[in-house]
Protein chains: 2
Amino acid sequence: METYTISVLTKKFDVSPRTIRYYEQLGMITPHRTETGQRIYGKKEMTRLVLIFRGKKFGFKLDEIKEMVQLFDQDPSGTKQLERTIRYGEEKVKEVTEKIEELIEMRREMEEMLQQFREKLRNQKEE
Amino acid sequence: METYTISVLTKKFDVSPRTIRYYEQLGMITPHRTETGQRIYGKKEMTRLVLIFRGKKFGFKLDEIKEMVQLFDQDPSGTKQLERTIRYGEEKVKEVTEKIEELIEMRREMEEMLQQFREKLRNQKEE
DNA sequence: TTTACCATTTACGCTAACGTCAAGTTCAAT
DNA sequence: ATTGAACTTGACGTTAGCGTAAATGGTAAA
């Protein structure tokens, strides 16, 4: 079984140890410990961290990310729990879809302006 | 010519006056004033604010947004300036494109997990 | 065993992006 | 003319997300 120390993670994700411990403090990850108290991170923690940093990249707040991570990671068993999870997940998918659409619109507008600048540049060069 | 007071903007964008004034303090908008000192916001400020709030939605920091807004709004005249603006703009478009692609990948993964949960739910209901 | 590094907890510090008074001015309606 | 809402400028307060320093303990190689 693959395990990592905290220093390995700081290199893998290019963040400080403080950052990793802070996420633990918020209850987003729960690494095991050696007898002497050193943190050991397994595969589960790794996948969580990947989700966390991806979430951060898109401007989600840490407590939003915490919700999402817990949701997609705790493997709900009860029927009620399953249904709740699915509903929540569908909403999150919808939110992401909206973000995507707005970003596409944003890009369209940016390209329009760029096009105008390009034409202006052509006109200037002709004279 | 359409103009607005600050209270109209707070309703339009659903933020506090403090927020609007803070953006002015950072030099992101520069509303005109009446003789008594009241701020008046015109069309130009409106479009800037739209850009600002859109940027915020995607997790850009205010000073990043400031750069982008100034860029696409100052209508550069010199040939050198134009070329610089176009290059910068193309880079921003590229960044946005990457964000879009990653978000799409994220959504794909979310839907995969959801699909697994749905199947699990079906299996539970059959028993 | 010493050197050098990696780990731990505790705790105070810092910046961004506002919130929240306070104290005064102006506007709009009665 | 008065009243109340909306505006103004300070200035201090707050929260998230870490940074950083201090004091201490474990570990691996020479």
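Computed from a predicted structure; not experimentally measured. In the text below, chain A, chain B and the rest are named by the order of the sequence lines, each starting its count at 1.
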For [X] and [N], is the shortest distance between a side-chain N/O and OP1 or OP2 below 4.0 Å?
X: B:Lys66; N: C:dA16; answer: no
X: B:Thr36; N: C:dC27; answer: yes
X: B:Thr19; N: C:dG19; answer: yes
X: A:Ser16; N: D:dG19; answer: yes
X: B:Lys11; N: D:dA6; answer: no
X: A:Tyr23; N: D:dC18; answer: yes

Between atom [atom1] in [X] and atom [atom2] in [N], what is the gap in whole Å?
X: A:Leu9; N: C:dT8; atom1: CG; atom2: P; answer: 10 Å
X: A:Glu35; N: C:dT8; atom1: CD; atom2: P; answer: 16 Å
X: A:Arg18; N: D:dA16; atom1: CZ; atom2: P; answer: 13 Å
X: A:Lys61; N: C:dA17; atom1: NZ; atom2: P; answer: 12 Å
X: A:Ile52; N: D:dA16; atom1: CD1; atom2: P; answer: 17 Å
X: A:Ile20; N: D:dG17; atom1: CD1; atom2: C1'; answer: 14 Å
X: B:Ile29; N: C:dC18; atom1: CD1; atom2: P; answer: 12 Å
X: B:Ile40; N: C:dC27; atom1: CD1; atom2: C1'; answer: 14 Å

- Message: Side-chain heavy atoms nearer than 4.5 Å, only ILVMFWY residues, links allowed to pass through others: does that put B:Met106 and A:Val50 together?
- Response: yes

- Message: Do the side chains of B:Glu2 and B:Lys43 get close enough for a salt bridge, i.e. N-O under 4.0 angstrom?
- Response: no

- Given D:dC7, D:dT8, C:dC6, which nucleotide is nearest the side-chain atoms of B:Arg33? D:dT8

- Query: Closest to the A:Ser7 side chain: C:dA7, D:dC7, C:dA17?
  - Reply: C:dA7

- Ring-ring centroid check A:Tyr41 A:Tyr4, cutoff 6.0 Å: no

- Heavy-atom donor-acceptor pair, B:Arg107 side chain to A:Val96 backbone, under 3.5 Å: no

- Atom CD in A:Glu101, atom CD1 in B:Ile100: separation rounded to 0.5 Å? 11.0 Å

- Query: Just checking A:Thr5: base, sugar-phosphate only, or nothing, at a heavy-atom cut-off of under 4.0 Å?
  - Reply: sugar-phosphate

- Which part of the nucleic acid, if any, lies within contact of B:Leu26, taking any heavy atom under 4.0 Å across all strands shown: a base, the sugar-phosphate backbone alone, or nothing? nothing

- Message: Closest-nucleotide mapping onto DNA chain D: is A:Leu62 or B:Arg21 further toward the 5' terminus? I mean the 5' end.
- Response: B:Arg21

